[in-house]
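Just below is one structure, and these are the notes that go with it.
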Amino acid sequence: NNLCRTRSGALFVGTFHGRLYLKIADSFKMLRQFSTINAIYEDQSGDLWIAAGLDGLFYYRNGVFNQFNLEIDRKLLSVITLFQDKRNTLWVGTNYGLVGFRHPFSKDKKRFFFDSRSGLVRNGVNQIIEDEVGNLFVGTEFGINRISGYESDLSGVDTILRGVPITRLMIDAEHSLWIGTYCHYLKRYRKTAFQTIDRLKDIALYRPSIYADWKGDIWIGSNQGTLFHLQAGRLTSYIRNTIDEMGIRAICMDKDGQVWIGTHRSGFYQFKDNRLVRQQVRKDQKSDIVKNIYCDSRNRVWISTSYGVYC
């Protein structure tokens, strides 16, 4: 369900059932069982953080797990997502709002907290991203907020979009914010306005995959099995309704420029010569749900599926 390759080269895998594994040589060692694992994140000091749902927030340091107290006195508090900004503040999205703090071993003990009383459109935070000038964009189950200057007395919380469940946020090389929604249209936000991509404006993209490759191009995968490629302002679509209509869930480009596609219940593909070519990673893989694809520093492609992790 989650893959995290650390800067030291270690590979951590979190499963749908809450098991955290570390890859050692050709095998995986289970480190700990949680109720669930929503996110795995390496901070700038090299510590690993685990968003473990109702179990809370944990960090893994020198081979030891420690639970971190978010100081939110609420029943059924669930930790959903993690992000560290340019100021080294670690942000934690929960079902009760957004929490920010410095590293536990830092002398700076500042804490930040935002919820609906602070201006968030909803408390349930599932996406966090930062733009080039340090603004935070926070995706919730009911829209998006922009938080600016959170460390100053002039901090502000603006509502960018309301009434739409957010499933994905991504900022591209041109500093545009891409917004994936649940059962609504894909949106692109630049500076202070939404921009329309004509060929996408009438296409409802259910939980779309959005990926910016190292060339600066944008790839979008739809639930209907259509792959969109935006290059230098030109949008091209491929392979409509040819992946058993099960949908594209993950996209990744390797260092050679090859694009890899993961689908929902249709397996793993390479995008080659403007078509999808199925790749065999295990026997009887036709119904595999591909959760994540990751290309490491050695140009190896890792695939996280409903049946395990493959390379």
Side-chain angles (χ1 to χ4, degrees), residues 1-5 39-41 81 83 126-132 137 139 144 166-182 184-190 195 197 199-200 203-240 242-243 246-264 266-272 274-279 288-297 299-305 309-311:
N1 196 35
N2 291 279
L3 295 176
C4 180
R5 169 73 71 172
I40 308 172
Y41 191 91
T81 190
F83 178 79
N126 54 43
Q127 297 284 320
I128 312 165
I129 200 166
E130 183 183 23
D131 69 11
E132 74 279 9
F137 289 88
I144 301 174
I166 305 303
T167 61
R168 180 82 166 91
L169 294 179
M170 185 199 74
I171 293 178
D172 64 20
E174 297 179 347
H175 310 303
S176 294
L177 175 68
W178 290 81
I179 304 166
T181 66
Y182 189 88
H184 290 76
Y185 301 105
L186 179 71
K187 300 179 182 296
R188 182 171 65 176
Y189 184 81
R190 181 73 187 275
Q195 300 173 337
I197 300 175
R199 291 183 56 193
L200 287 176
I203 301 175
L205 296 171
Y206 168 79
R207 298 181 64 185
S209 300
I210 315 169
Y211 176 75
D213 67 30
W214 51 263
K215 298 179 180 180
D217 296 353
I218 305 297
W219 298 83
I220 303 161
S222 79
N223 194 54
Q224 292 76 31
T226 303
L227 181 67
F228 297 93
H229 181 201
L230 182 64
Q231 182 182 42
R234 180 183 176 186
L235 184 71
T236 307
S237 59
Y238 303 98
I239 326 125
R240 178 179 293 275
T242 60
I243 319 176
M246 285 297 185
I248 296 171
R249 288 290 180 265
I251 306 171
C252 183
M253 176 182 283
D254 65 22
K255 293 183 178 181
D256 297 325
Q258 298 294 316
V259 177
W260 303 91
I261 308 292
T263 68
H264 185 72
S266 293
F268 178 61
Y269 294 79
Q270 181 185 16
F271 180 62
K272 187 176 183 179
N274 295 341
R275 64 189 183 93
L276 289 181
V277 180
R278 188 190 292 272
Q279 303 296 305
D288 281 9
I289 300 173
V290 177
K291 301 281 190 179
N292 202 349
I293 306 173
Y294 173 77
C295 181
D296 66 18
S297 59
N299 209 29
R300 296 177 300 182
V301 178
W302 294 86
I303 309 106
S304 171
T305 78
V309 178
Y310 303 91
C311 180

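What you see is a predicted model; the values in this text were computed from it and never measured.
In terms of heavy-atom proximity, T81 sits nearest to A39 at CA-CB, 4.3 Å. Taking both residues in full, the closest heavy atoms of I248 and T226 are given as CD1-O, 3.7 Å, listed atom of the first, atom of the second, then distance. When all heavy atoms of L169 and G139 are compared, the pair lying nearest together is CD1-N, 3.8 Å. Residues I171 and E130 share a closest heavy-atom pair of CD1-O, 3.3 Å. Scanning all heavy atoms of the two residues, the minimum distance from I293 to C252 falls at CG2-CB, 3.6 Å. For the residue pair Y269 and L276, the shortest heavy atom distance occurs at CD2-CB, 3.6 Å.
With sequence neighbours excluded, no residue forms a ring-ring contact (aromatic ring centres under 6.0 Å, His included) with F137. With sequence neighbours left out, D213 forms a side-chain hydrogen bond (donor to acceptor under 3.5 Å, both in side chains) with W219. Qualifying ring-ring contact (aromatic ring centres under 6.0 Å, His included) partners for W260, counting only residues two or more places apart in sequence or in other chains: F268.
Annotation: the span from I129 atom CD1 to L177 atom CG amounts to 6.5 Å, rounded to 0.5 Å. Distance check, rounded to the nearest 0.5 Å: SG of C4 to CG of N2 gives 9.0 Å. Taking CG of D217 as the start and CZ of R234 as the end, the distance is 12.0 Å to the nearest 0.5 Å. Between the CD1 atom in I251 and the CD1 atom in I210 there is a gap of 9.0 Å [rounded to 0.5 Å]. Taking CG from L3 and CD1 from I40, the interatomic distance works out to 7.5 Å, rounded to the nearest 0.5 Å.
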Next on the checklist: If you apply the rule side-chain hydrogen bond (donor to acceptor under 3.5 Å, both in side chains), what do you find for N299 with D256, and how did you get there?
Outcome noted: CA-CA 8 Å; N299 209 29; D256 297 325; 3.0 Å; yes
Next on the checklist: Using side-chain contact (heavy atoms from CB on, under 4.5 Å), reason through T236 and F228 one step at a time and then give a plain yes or no.
Outcome noted: CA-CA 6 Å; T236 307; F228 297 93; over 6 Å; no
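Inter-residue side-chain proximity for R188 and L230 is flagged as met; some heavy-atom pair is nearer than 4.5 Å. A 4.5 Å side-chain heavy-atom check between M253 and Q258 finds every atom pair outside the cut-off. I261 is not listed as a side-chain neighbour of Q270, based on a closest heavy-atom distance of 4.5 Å or more. Between I218 and M170, some side-chain heavy-atom pair lies under the 4.5 Å cut-off.
D131 and H175 share no side-chain donor-acceptor pair at under 3.5 Å.
A donor-acceptor distance shorter than 3.5 angstrom exists from the side chain of N126 to the backbone of I166, with no hydrogens or angles considered. Put simply, the side chain of Q127 gets close to the backbone of T167: a donor and an acceptor are under 3.5 Å apart. When atom types are taken as modelled, the side chain of R168 and the backbone of S209 share no donor-acceptor pair closer than 3.5 angstrom. With hydrogens and angles ignored, the 3.5 Å screen pairs no side-chain donor or acceptor of Y211 with any backbone N or O of G221.
By the 6.0 Å contact criterion, CD on E174 is open, its count of non-hydrogen atoms from other residues, nucleotides or ligands being 12 or less.
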